[in-house]
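Please read the structure below before turning to the comments.
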Amino acid sequence: LMADQPWTYAQQGTVEYLRGEAKKADELYEEAERRGLSSAPFYYNFSKIKFDLLDTEGSRELFAKASSIDSRLVHELS
């Protein structure tokens, strides 16, 4: 089923984040990562969620992961 794909959790997490529900977004992004999602845009967005939740260490780690995958894209997004 499409609803069980890793990217669908991240997509729903993005919706929750945009609705101001950072904690719910964090849970959905965690699930997406557990299910194997790994990309520069994913980690970049995940770092923003962690930052909003005041998890600066987690945010830095995720930003570094995003940069290690595609530093040029992360620079363009920043």
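Here CG of L62 is found 11.0 Å from OH of Y29. Values are rounded to the nearest 0.5 Å. The CG atom of L28 lies 11.0 Å from the NZ atom of K23; values are rounded to the nearest 0.5 Å. One finds the CD1 atom of I49 at 6.0 Å from the OG1 atom of T14 (value rounded to the nearest 0.5 Å).
With Y44 contributing its side chain and F63 its backbone, the two residues share no donor-acceptor pair below 3.5 Å. Here the side chain of S68 pairs a donor or acceptor atom with the backbone of K65 at under 3.5 angstrom. In terms of modelled atom types and a separation under 3.5 Å, the side chain of S59 and the main chain of D55 share no donor-acceptor contact.
For Y17, the side chain to side chain donor-acceptor pair (under 3.5 Å) partners two or more places apart in sequence, or in a different chain, are D52. Applying the side-chain contact (heavy atoms from CB on, under 4.5 Å) criterion to S39, with sequence neighbours excluded, gives P41, F42. Shown here are the side chain to side chain donor-acceptor pair (under 3.5 Å) partners of K50, two or more places apart in sequence or in another chain: D26, E30.
Of all non-hydrogen atoms in V74 and S67, the two that sit nearest each other are CG1-OG, 3.5 Å. Summarising the geometry of P6 relative to A32, their closest heavy-atom pair is O-CB, 3.3 Å, with the distance given to 0.1 Å. Summarising the geometry of D70 relative to L73, their closest heavy-atom pair is OD1-N, 3.1 Å, with the distance given to 0.1 Å. Residues A40 and I69 share a closest heavy-atom pair of N-CG2, 3.8 Å.
Within a 6.0 Å radius of CD in E76, more than 12 heavy atoms belonging to other residues, nucleotides or ligands are found. The environment of R72 atom CZ is sparse: at most 12 non-hydrogen atoms of other residues, nucleotides or ligands sit within 6.0 angstrom.
A donor-acceptor contact under 3.5 angstrom links the side chains of Y43 and E33, judged on distance only.
A salt bridge links E16 with R19: the distance from a Lys NZ or Arg NE/NH1/NH2 to an Asp or Glu carboxylate oxygen falls below 4.0 Å. Between E31 and R35, at least one side-chain N (NZ, or NE/NH1/NH2) sits under 4.0 Å from a carboxylate O, which counts as a salt bridge.
Both L37 and F46 are members of a single hydrophobic cluster when ILVMFWY side chains are connected at heavy-atom separations under 4.5 Å.
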